[in-house]
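Here is the naming used below: chain letters follow the sequence lines, and residue numbers restart at 1 for every chain.
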Amino acid sequence: MESRYDINEVEARIEKLWEDSGLFDPDVCIEKGITDPHAEPFCVVLPPPNVTGTLHMGHAAMLAIEDIMVRYARMQGKRTLWIPGTDHAAIATQSKVEKDILKKEGKNRHDLGREEFLKRVRAFAQESHDTIVRQTKRMGASLDWSREAYTLDKQREVAVRTAFKKMYDMGLIYCGNRVVNWDPKGQTTISDDEIVYEERKAKLITFRYDKNFPIAISTTRVETKFGDTAVAVHPNDPRYEEFVGREYDADFCGTKIHVKIISDEAVEKDFGTGALGVTPAHSIIDWEMAQRHDLPLKQIIDEHGKMTIKNELVFGKKAAEAREIVTEELRKRGLIEKEEEISQNVATAERTRGIIEPLPKLQWFIEVNRKFKVENGRLKGQEKTLKELMKSAVADDNVKILPERFERIYFNWIDNLRDWCISRQIWFGHQIPVWTKGEELYVGIEAPQGEGWIQDPDTLDTWFSSGLWPFSTLGWPHSAPDGASRGKPGPENDLANYFPNSVLETGYDIIFFWVARMILMSTCLMGEIPFRKVYLHGLVRDDKGRKMSKSLGNIIDPLTMADKYGADATRLSLIIGAAPGNDVKLSEDRVRGYRNFSTKLWNIARFIEMNKPAASSVSPVDSVALAEARVRASSETHEKYLTDIAALKQEISGHLDNFEFHLAADKLYHYVWHEFADVIIETEKEKLKSGTDEEKAESYAVLEQLLLDSLKMLHPFVPFITEEIYHIFRPGKMLMVEKW
RNA sequence: GCGUCCUUAGCUCAGUGGUAGAGCGCUUCAUUCACAUUGAAGAGGUCAUAGGUUCGAUCCCUAUAGGACGCACCA
């Protein structure tokens, strides 16, 4: 063995060795007789990284954790499949490319036109994809690349369109004119989950529409009051009881408005004056109130955030500017009763950070409170709403979320869930499979026959296609989920063999975006849960606990770490000390520390190899036989070594079964360094130096066995170095498919 | 407002109902020895605070303080 462990040479060579072996593909394992086709299946689908650039430490952590589960399952003899893929990430990718083009060429997407722009986005996505694939392999992830998927490829497009059509036919997808979250910066609608609240100071103004109006109201957005069609008070508020039901005409800064006084539970008595001006067109809450009280809707702001109300003071002005003008006008008219500074949470778009302008728009929605009949699977025939299905999937313990505390968070989210707006006014993504011709509307997988059909120009929320991921990657809708194909090899039988997935592993930050949506799609379309377990990992932060970001300059790049200290060390640094669901603070020192572990392991192997007795170096088969014979005849100390490591194996298996990877890795680390190296080898050193030939051979045999056992247990965590050392002691064998 | 998590060695964090652990850092010593990307020894902790349960609490319960976060509201 080389005296120095050459990380980069070994990791590159082993990566290629695995890839050439084809053993990441379960069908190859079956063909070669390594895996029993009727063995228990174990399937994980990789959360597809966005094609917006490169992998970061969060991805590396995800890959490490999943690879541990997958390699462990494979070594246990399970029929193991881990499917790779990437996500087109519609809005994220589009806005990234838009930004780049604007910076480099000073053009926006409309200057280029839809086709040319999409060409550019696709080129960028392809480049990102290639980088991501390279990086993923570099981390040692044992993914079956022959089954690689992309959320925007042809096969997934069929899945998306099929899902859309089915849900439309079930009455779960509808097109409705509703007040939606409009992002004026990104020029698109977004869903409730894509909103990020930012705390800001605002001026709360208490005023009357005009001198004759009986009730004063409070608002931070006086410019929207042109659109008011009601004033709402709480039903139990004695101050306003007498007014409820009356209607008034008022002159608001020169514009005639008609206002009805209503009572509604949504009003808080203690806020402001306890009376609220209802602006149905520019507030989701107000819009809901308007629905309840049958109020008219008056739009006064457009998609660009400009005032459309025909009032000479503000027409054509930006909302913020109009706010100042209206405030000034109210002052002039002596209508303001109070002005106070308050802090409020402003809704902004997650991607663009533009301030959300609620607007009434015609959009596509998924209705979450409508009862429908499930058509397939285990849940066939049940009449439930999507909300109920999502809830019972977890409440009935069919889907187990780890750590458990996230189940409460999940339920809490479902309770507050509104209809999901799925249409986006961006270009990159799955175009909505709806075509119109005059009054006619067609929903289908393929464009309708005949002239004059126009496809809806909008695209779908990226999470719509991600929601199908657990089964769209397994061949749905082309292959059947059940029937005779179970147990048979080949990707065409994947759905029968690997659905539901065994585990879904992802970050806790996308439990709503993604985990919930997959449960929704799967229970609805498949009539079955998408996966049995959800394992949520924490976020990787810098050593001060801050998010890693370009602007802070605190990014630790997983590939740089892998090149410097090895993918093995990088993986270990992300596993040890990382309790499930807890954030990990990472520093380069940590990675370096685990690189030292690789060196230690290498030297342990080197020491053992150097002490190999000449007699047993004849052939590997003989050496195995010899080792076993020696071990059987071993001394008490030697027996203790072997029972100890057997006990350790029990412990490690237990931890792995319980998803306690951090405990398993920590114990192995401790055993190898502080027990095996520091105690056992130090003890045996003497015998190997001055013992009889017999003693030497026995000592060697025991050490070799301990080493091989350690390598096996370590393999899921540090696959490269363990594979390399294993080959030195067992030429021709592949550790990744050895039996656990 | 509702809820969750965190508070353990100088730093970053694991962990456990019964003499406290890791990495990095620090001190001293060792080195023709598998490994200086090392070994040995060591310093350093009333496990946030106050109550309670218990034979026994860092761990379970309650409250308090500080920090992080999620959800709802935010007129």
Side-chain angles (χ1 to χ4, degrees), chain A residues 1 3-5 7 192-193 197 199-200 202 204-206 217-222 224-225 228 231-233 264 266-268 270-279 282-283 285-286 289 342-347 403-417 508-509 511-512 538-539 541-547 565-566 569 572-573 575-579 581-611 660 662-663 665-667 669-670 673-674 677-678 681-682 684-686 688-689 703:
Chain A
M1 280 170 79
S3 63
R4 203 178 127 267
Y5 176 56
I7 295 167
D192 296 343
D193 297 284
Y197 289 96
E199 192 161 312
R200 295 196 189 168
L204 182 71
I205 296 174
T206 302
I217 60 170
S218 302
T219 185
T220 55
R221 295 199 63 186
V222 285
T224 64
K225 299 291 104 181
D228 282 15
V231 164
V233 299
D264 195 286
V267 179
E268 197 145 338
D270 301 330
F271 191 93
T273 60
L276 145 73
V278 183
T279 324
H282 298 290
S283 153
I285 297 290
D286 291 10
M289 244 186 267
I342 59 162
S343 75
Q344 67 167 4
N345 287 330
V346 178
E404 212 164 331
R405 63 187 147 93
F406 286 102
E407 292 193 353
R408 290 182 66 163
I409 297 176
Y410 173 83
F411 291 134
N412 184 249
W413 177 81
I414 292 179
D415 288 341
N416 293 309
L417 187 61
Y508 65 73
D509 54 329
I511 180 167
F512 308 137
L539 311 180
R541 298 172 178 276
D542 76 358
D543 56 0
K544 294 185 182 65
R546 302 171 303 182
K547 270 195 172 172
Y565 305 112
L572 221 41
S573 73
I575 295 298
I576 295 184
N582 285 7
D583 293 351
V584 190
K585 297 201 175 82
L586 189 76
S587 62
E588 186 163 341
D589 274 348
R590 244 172 97 84
V591 187
R592 193 185 303 124
Y594 292 114
R595 183 272 320 264
N596 295 354
F597 177 72
S598 299
T599 310
K600 192 73 189 175
L601 186 59
W602 184 254
N603 281 301
I604 289 171
R606 209 154 68 87
F607 174 79
I608 295 173
E609 202 240 3
M610 284 165 70
N611 285 288
E660 294 160 340
H662 61 307
L663 296 181
D666 195 35
K667 280 184 182 165
Y669 175 96
H670 197 269
W673 200 315
H674 301 299
D678 291 351
I681 288 186
E682 288 305 323
E684 295 302 307
K685 220 177 229 175
E686 276 311 303
L688 287 166
K689 208 190 278 179
L703 290 180

Rounding to the closest angstrom, what is the interatomic distance between [N] and [M] at atom [atom1]?
| N | M | atom1 | value |
| --- | --- | --- | --- |
| C59(B) | G52(B) | P | 14 Å |
| G44(B) | G3(B) | P | 43 Å |
| A48(B) | A43(B) | C1' | 24 Å |

Whole angstrom is fine here: how far is it from [atom1] in [X] over to [atom2] in [N]?
| X | N | atom1 | atom2 | result |
| --- | --- | --- | --- | --- |
| Ile604(A) | C35(B) | CD1 | C1' | 9 Å |
| Asp589(A) | G25(B) | CG | C1' | 8 Å |
| Leu572(A) | C24(B) | CG | P | 12 Å |
| Trp673(A) | U37(B) | CH2 | P | 11 Å |
| Tyr5(A) | U38(B) | OH | C1' | 19 Å |

Identify every side-chain donor-acceptor pair in residues 405-414 of chain A under 3.5 Å, counting partners at least two apart or on other chains, and give the distances.
| residue | atom | partner | partner atom | Å |
| --- | --- | --- | --- | --- |
| Arg405(A) | NH2 | Asn582(A) | OD1 | 3.1 |
| Glu407(A) | OE2 | Lys400(A) | NZ | 3.3 |
| Glu407(A) | OE2 | Ile401(A) | N | 3.1 |
| Tyr410(A) | OH | Met390(A) | O | 2.8 |
| Trp413(A) | NE1 | Asp193(A) | OD1 | 2.8 |

Has the side chain of Arg595(A) got a donor or acceptor atom sitting under 3.5 Å from an opposite partner on the base of U37(B)?
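Present.
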
Donor-acceptor pair under 3.5 Å: do we get one between Glu682(A)'s side chain and the base of A34(B)?
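Answer is yes: a donor-acceptor pair is held.
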
What is the base-pairing partner of [N], counting Watson-Crick and G-U wobble geometry with both distances under 3.5 Å?
| N | value |
| --- | --- |
| A22(B) | U12(B) |
| A63(B) | U49(B) |
| G70(B) | C2(B) |

Which of these nucleotides, C71(B), A14(B), C5(B), is closest to any side-chain atom of Leu663(A)?
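It is A14(B).
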
To the side chain of Asn345(A), which of A22(B), A72(B), U38(B) is closest?
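Nearest to the side chain of Asn345(A) among the choices is A72(B).
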
May I ask you to evaluate whether Lys600(A) reaches the phosphate of G39(B), defined as a side-chain N or O under 4.0 Å from OP1 or OP2?
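For Lys600(A), the contact criterion (side-chain N or O under 4.0 Å from OP1 or OP2 of G39(B)) is met.
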
Indicate, with a heavy-atom threshold strictly under 4.0 Å, whether Asp678(A) touches base, sugar-phosphate, or nothing.
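Sugar-phosphate contact only.
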
Glu268(A) near the nucleic acid: base, sugar-phosphate alone, or nothing, with a heavy-atom cut-off under 4.0 Å?
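Base contact.
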
